[in-house]
Every structure is written in structure tokens, then in C-alpha cells.
Student: 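Next up is a structure, given as C-alpha cells.
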Amino acid sequence: MIKKQPIIGIIPTFTCHESDPYQDRAHFVTMYSEKIIRSGGIPIGILGDAKTYTSICDGYVWGGGNQILHEYFPIIEDAIKKQKPFLGVCLGVQTLATFLNVVEDQKDNPSKSFKEIYELNKESNPYLKKLEEGNIHLHIITKEENSINSARHKININKKSMLYEIFKQETMDVVSLHGMSIARVPKNMKVSAKAEDGVYEGVEYTENGSLLLGVQFHPEIENENTLFDWLITSCHKYLYLVNREHAIQYRNNYKIIPYHSTYPKCVNDSDVEENTYYAWKKLQAFLKDNGYNAEIESAYRTKEVQEEIYKQIEKEEGMEYANQYVAKPGFSEHELGLAIDICLQKEGEWLYGFDEKLKDFYSFLENHCADFGFILRYPYGKEEITKYNYEPWHIRFVGTSKIAHAIMDNHLTLEEYLEKE
């Protein structure tokens with residue numbers, strides 16, 4: 001459950017008139033805002049200086065149009081830098097690929113501006129190409145279902161792509177309405193879908209936890225809301241509330257990667273969500289620099305493993321104890337890969353739980369974990385809110401140090417922070 005409604009910035013399409021200033025218009029396709037609202041977001045139009053919107057928006061949609069707008073490139077930069085989800089559609093996917101191509105080419109031409117590099121490559125090594133007449137992608141449609149279906153064609157989806165994780169399909173029949181396509185795919189982008197004529201129908205950029213997805217087809221015209229659901233749930237996925245009352249619903253939004261703990265009794269090798277892993281490694285190095293050799297005791301657990309742990313604790317300690325300290329399967333943060341239980345090696349001995357020797361370490365961890373995007377998930381004195389007893393070893397990744405400090409510095413739980421927002 002995510003209580004805060006994400007704000008989604010939409011890039012407009014412009015119509016410019018040479019003589020009549022009242023005919024200069026910014027257009028927003030209503031279907032995009034309708035989809036965003038239906039998925040639980042709040043759409044806003046981005047006009048003027050794009051940079052002024054980066055502190056407001058939690059994600060972005062860049063739809064169709066007839067020209068690439070360089071002044072909106074800061075939106076893509078913000079999405080990459082702050083790991084905000086970005087959905088580019090039609091011209092939006094072409095713009096995304098163009099932007100990343102320019103970034104790539106600028107490394108070889110550092111003295112030239114973005115616009116200069118873009119202009120240089122228009123003719124010699126173009127980022128985009130015009131499709132031949134009679135192609136399967138360019139259609140004129142109306143609101144009639146028959147008209148929409150006549151614009152459909154088949155695409156094949158890469159099974160090792162984010163697009164496949166979202167749709168769970170290898171093929172789809174989609175609606176295309178474009179006369180241009182991507183000619184050069186940047187080296188740091190993955191092709192996630194192709195049409196049968198070889199045209200790129202989907203590309204994505206996921207380096208360092210980024211969530212930038214571009215599709216040449218038009219999801220806004222469809223009845224289903226899959227891509228917009230992904231966009232909204234990805235905006236605050238690290239603020240996803242899972243507790244005794246809120247079960248897990250969006251497991252597939254979390255990419256779990258291997259982590260091999262040196263703690264000998266580590267549960268299930270303690271794999272973690274990708275960005276949680278990077279944050280943990282930084283926190284772990286910081287702790288080591290300050291004399292604490294910390295390690296993961298338990299992190300990601302499958303629902304089956306969570307069930308085994310619950311039953312084992314219930315058998316050994318009783319149902320009352322199990323309910324105080326262990327979540328039932330389907331209701332555990334560990335099943336997201338965002339939660340970490342920490343242990344400590346001290347003087348050749350592994351320490352965990354409420355061992356008295358860990359008192360100083362737990363205090364240090366509580367004071368510094370927010371610097372790395374973590375919160376103490378079950379703090380002392382908040383048992384009535386979290387419904388769990390105090391667990392000084394259990395930290396939870398919330399995405400950024402800014403959010404983590406807003407929670408920790410104000411002595412809030414995740415529940416209180418989301419309610420406040």
C-alpha cells in the first residue's frame with residue numbers, strides 16, 4: 001500500500017504560429033492524465049522552465065509530438081539522477097534515445113553543447129530515421145474500436161527486460177502511430193521490444209537503479225492500465241507500506257540480486273533488492289570505518305521461506321512470541337528485499353538480537369543509517385503503531401537519505417510518515 005499520490009509531470013506538445021501569438025499553444029492529450037489518475041497519480045503539465053518542476057514531480061510521462069524539445073532534457077536528467085520512473089511514448093521514446101545518444105557522443109566531443117552535437121548528427125550519423133511508405137506503424141485512427149484495432153501489429157518482447165517483467169508476455173498486439181523510429185540505440189540502453197519488421201518498439205535505461213522506459217506503441221489508447229500502474233507504483237516503491245494490516249501486492253517491482261553474507265547462519269544467502277544492496281554496501285563500509293564489522297543476518301526471503309521461519313519460531317517460542325517478532329507470509333518486508341536484519345562480528349564472535357554487547361552498535365546504527373537511505377523500522381516506544389516489538393537490528397531502505405532523515409529525525413515510523421504525507 002502506498003498512501004501518498006505520486007505527482008506525474010507530463011511534457012506537452014507545442015503548436016507554434018508565425019504571426020498570431022494567440023495561436024501558440026501547448027497541448028496535453030487527455031488520455032495520459034486519465035490513465036495517471038486511474039492508476040492513483042496526480043498529473044500536472046510541465047510548462048516554462050523544466051527545472052522548476054523537478055522538485056515537485058515523482059515521475060514523468062513524455063508523449064507524442066512532432067519535434068524534440070531540448071529545453072525539456074533536464075526532465076530526463078532528473079529521472080536518471082534521482083531514479084524517478086520515466087515513461088516515454090512515441091516521440092517520448094525517440095527523445096529518450098536521442099538524449100542518451102547525445103550524452104554518449106559528448107564524451108568524444110566535450111567542448112560541444114548538447115544542441116551542437118544533436119545538430120551535427122542529424123545528417124552524418126542520425127539518431128532517428130524516417131520509415132518507408134506503407135509501413136505497419138503509421139495509421140490514422142478514431143475513437144472507434146475497429147479503427148484502433150486496425151492499427152495493431154505484433155511485437156516481440158525481450159524476456160530479459162523490464163518491459164517483460166511488467167507485462168509477463170513475449171508477444172503483444174499494439175497500436176502504433178508514428179512515421180519515425182530510432183536509428184541508433186545508445187550503448188547503455190537495452191532493446192526491450194521489436195516489431196516484426198525490425199523497428200524498435202521498446203527501449204529502456206536501468207543503469208544504477210534508473211527506471212526509464214520508452215515504447216513506440218501507444219498504451220494510453222488501450223483499456224488496460226498496465227504501464228501506468230507500473231509508473232505510479234514505481235514512483236514510491238521504496239515507501240511501499242507492508243505490515244500486519246497491508247499485504248504485499250507488487251512483488252515484481254523489485255529486482256532481487258545475489259548477496260552472499262559471511263555470517264555463517266545467514267538465512268537463504270540474504271539476497272537483496274538491487275538499490276538496497278548498493279545502499280547497504282555503502283553503509284557497511286561506513287560502519288567498518290568506525291570499528292563495526294557488520295553483516296547481513298537475513299534480507300530477502302521468499303514467501304515460502306518466510307512461512308518456514310514463522311512456523312519454526314512458533315514451534316520454538318510459541319504463537320504469542322512469533323506474532324510479536326515475525327511477520328506472517330505475505331506480510332513481511334523481507335519478501336520485498338528492502339529489509340535487512342544486521343548482526344555484528346566482534347572479537348571473533350558473532351553477535352545478534354538483544355545481546356548486551358550490541359548496545360553501542362545499535363545506538364550508532366540508529367544515528368547514522370538515515371545517511372544511507374535506511375530507517376529503523378521498528379523503533380522503541382512505537383509498538384502500538386508498528387504492531388511489532390522493538391527491533392534495533394531491523395533496518396528498512398526507503399529510497400533516499402532525504403526521506404530517511406525526514407522519518408528518523410522526526411522520530412516517526414513509516415506508517416506515521418505516510419499518514420502525514
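No experiment lies behind these values; they were computed from the predicted model shown.
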Student: Verify ring pair (Phe, Tyr, Trp, His ring centres under 6.0 Å) between Tyr300 and Tyr259, making sure each step is shown before the conclusion.
Tutor: CA-CA 10 Å; Tyr300 172 67; Tyr259 180 85; over 10 Å; no

Student: Is the closest side-chain donor-acceptor distance between Gln284 and Lys281 under 3.5 Å?
Tutor: yes

Student: For the pair Phe364 and Tyr292, evaluate ring pair (Phe, Tyr, Trp, His ring centres under 6.0 Å) and give the outcome as yes or no after the intermediate values.
Tutor: CA-CA 9 Å; Phe364 187 84; Tyr292 297 108; 5.2 Å; yes

Student: Could you tell me whether the side chains of Glu415 and Asn243 share a donor-acceptor contact shorter than 3.5 Å?
Tutor: yes

Student: Under the side-chain contact (heavy atoms from CB on, under 4.5 Å) criterion, do Val203 and Val93 qualify, and how do the steps go?
Tutor: CA-CA 7 Å; Val203 292; Val93 67; 3.5 Å; yes

Student: Go through the steps for Leu227 and Val215 under the test side-chain contact (heavy atoms from CB on, under 4.5 Å), then give the verdict.
Tutor: CA-CA 10 Å; Leu227 273 183; Val215 293; 4.2 Å; yes

Student: For Lys160, is there any backbone N or O sitting under 3.5 Å from a side-chain donor or acceptor partner on Lys190?
Tutor: yes

Student: Using only atom types and a distance under 3.5 Å, with no angle test, would you say the side chain of His178 pairs donor to acceptor with the backbone of Met180?
Tutor: yes

Student: Mind listing the closest non-hydrogen atom pair of Cys343 and Tyr352 along with its distance?
Tutor: CB-CB, 3.9 Å

Student: Would you compute the distance between atom CD of Glu196 and atom CD1 of Ile136 and round it to the nearest 0.5 angstrom?
Tutor: 7.0 Å

Student: Can you label the angle between the Phe372 ring and the Phe286 ring as parallel, tilted or perpendicular, going by 30° and 60°?
Tutor: tilted

Student: Leu211 versus Phe86: any side-chain heavy-atom pair under 4.5 Å?
Tutor: no

Student: Any chance the side chains of Glu224 and Thr226 put a donor and an acceptor closer than 3.5 Å?
Tutor: yes

Student: State whether the side chain of Ser192 and the backbone N or O of Gly202 hold a donor-acceptor pair below 3.5 Å, judged by distance alone.
Tutor: yes

Student: So, taking the atom named OG1 in Thr98 and the one named CZ in Phe114, what distance separates them when rounded to the nearest 0.5 Å?
Tutor: 11.0 Å

Student: Passes side chain to side chain donor-acceptor pair (under 3.5 Å), His260 versus Asp271? Steps please.
Tutor: CA-CA 7 Å; His260 303 293; Asp271 298 343; 5.4 Å; no

Student: So, Ser210 versus Gln83: side-chain donor-acceptor pair below 3.5 Å or not?
Tutor: no

Student: Are the side chain of Thr276 and the backbone of Val272 linked by a donor-acceptor contact shorter than 3.5 Å?
Tutor: no

Student: Could you tell me whether Asp105 and Arg184 make a salt bridge, using a distance below 4.0 angstrom between a side-chain N and a carboxylate O?
Tutor: yes

Student: Less than 3.5 Å apart, any donor N or O on the side chain of Asn225 or Ser39 sitting next to an acceptor on the other?
Tutor: yes

Student: When you measure from the side chain of Asn410 to the backbone N and O of Ala406, does any donor-acceptor pair fall under 3.5 Å?
Tutor: yes

Student: For the residue pair Asn101 and Tyr118, confirm or rule out a side-chain donor-acceptor distance under 3.5 Å.
Tutor: no

Student: Is it true that Glu416 and Thr413 share a donor-acceptor pair across their side chains at a distance under 3.5 Å?
Tutor: yes

Student: When rounded to the nearest 0.5 angstrom, what distance separates NZ in Lys288 from CG in Leu283?
Tutor: 13.5 Å

Student: Under 4.0 Å between a side-chain nitrogen and a carboxylate oxygen: does that hold for Glu307 and Lys311?
Tutor: yes

Student: I'd like to know whether Tyr321 forms a ring pair (Phe, Tyr, Trp, His ring centres under 6.0 Å) with Tyr325, so could you lay out the CA-CA distance, the side-chain angles of the two residues, the decisive distance to 0.1 Å, and finally the verdict.
Tutor: CA-CA 6 Å; Tyr321 182 92; Tyr325 289 101; 4.7 Å; yes

Student: Ile44 and Tyr53: side-chain contact (heavy atoms from CB on, under 4.5 Å), yes or no, with the steps?
Tutor: CA-CA 10 Å; Ile44 64 169; Tyr53 290 82; 4.0 Å; yes

Student: Flag the pair Tyr263 / Trp350 as yes when their ring centroid distance falls below 6.0 Å, and as no otherwise.
Tutor: yes

Student: Thinking salt bridges, do Asp58 and Lys84 make one under a 4.0 Å N-O criterion?
Tutor: no

Student: Before accepting this row, confirm whether a basic side-chain N of the pair Glu165/Lys255 lies closer than 4.0 Å to the acidic partner's carboxylate O.
Tutor: no

Student: Looking at Arg377 and Glu333, is any side-chain nitrogen of the basic one under 4.0 Å from a carboxylate oxygen of the acidic one?
Tutor: yes

Student: What side-chain donor-acceptor pairs closer than 3.5 Å can you find for residues 62-74, not counting sequence neighbours?
Tutor:
unit_1	atom_1	unit_2	atom_2	d
Tyr72	OH	Ile46	O	3.0

Student: Hey, does the side chain of Thr52 reach the backbone of Asp49 with a donor-acceptor pair shorter than 3.5 angstrom?
Tutor: yes

Student: Would Asn275 and Tyr238 count as having a side-chain donor-acceptor pair, cut-off 3.5 Å?
Tutor: yes

Student: Side-chain contact test, heavy atoms from C-beta onward, threshold under 4.5 Å: evaluate it for Ile10 versus Tyr60 and give yes or no.
Tutor: no

Student: Which atom pair, heavy atoms only, marks the closest approach of Cys266 to Ser261?
Tutor: SG-CB, 3.6 Å

Student: Take the angle between the ring planes of His137 and His153 and call it parallel below 30°, perpendicular above 60°, tilted in between.
Tutor: perpendicular

Student: Can you check whether Val89 reaches Phe217 side chain to side chain, under 4.5 Å on heavy atoms?
Tutor: no

Student: When you measure from the side chain of Glu144 to the backbone of Asn146, do you find a donor-acceptor pair of N or O atoms at a distance under 3.5 Å?
Tutor: no

Student: So does Asn158 get a backbone contact from the side chain of Glu170, meaning a donor-acceptor N/O pair under 3.5 Å?
Tutor: no

Student: If we only count heavy atoms from C-beta on, is the Ile75 to Phe99 side-chain gap below 4.5 Å?
Tutor: no

Student: Determine, for Arg301 against Asp341, whether the closest basic-nitrogen to carboxylate-oxygen distance falls under 4.0 angstrom.
Tutor: yes

Student: Hey, is the main chain of Leu138 close enough, under 3.5 Å, to the side chain of Asn135 for a donor-acceptor pair?
Tutor: yes

Student: Would you check if the side chain of Glu335 reaches a backbone N or O of Gly330 as a donor-acceptor pair within less than 3.5 Å?
Tutor: yes

Student: Which pair of non-hydrogen atoms, one from Val398 and one from Ile407, has the smallest distance, and what is that distance?
Tutor: CG1-CD1, 4.4 Å

Student: Do the charged groups of Arg152 and Glu222 touch, with an N to O distance under 4.0 Å?
Tutor: yes

Student: Could you tell me which non-hydrogen atom of Ile182 sits nearest to which non-hydrogen atom of Ala97, and how far apart they are?
Tutor: CD1-CB, 3.8 Å

Student: Taking all heavy atoms of Ser298 and all of Ser270, pick out the closest pair and write down the distance.
Tutor: CA-OG, 3.4 Å

Student: Of the non-hydrogen atoms in Glu314 and Met319, which two are nearest, and what is the gap between them?
Tutor: OE2-CE, 3.1 Å

Student: Does Lys382, at its NZ atom, have more than 12 non-hydrogen atoms belonging to other residues, nucleotides or ligands within less than 6.0 Å?
Tutor: yes

Student: Ring-plane angle category for His334 and His394, please: parallel below 30°, perpendicular beyond 60°, tilted otherwise.
Tutor: perpendicular

Student: With distance as the sole criterion, is a donor-acceptor pair present between the side chains of Gln345 and Glu349 under 3.5 Å?
Tutor: no

Student: Among all residues two or more places apart in sequence or in another chain, which pass the ring pair (Phe, Tyr, Trp, His ring centres under 6.0 Å) test with Phe374?
Tutor: Phe397

Student: Determine whether Thr206 and Met162 satisfy the following criterion, side-chain contact (heavy atoms from CB on, under 4.5 Å), listing intermediate values before the conclusion.
Tutor: CA-CA 8 Å; Thr206 59; Met162 183 164 58; 3.9 Å; yes

Student: CG of Leu128 to OG1 of Thr95: how many Å apart, nearest 0.5 Å?
Tutor: 8.0 Å

Student: Got a second to check how far Ile42's CD1 is from Gln5's CD, nearest 0.5 Å?
Tutor: 4.0 Å

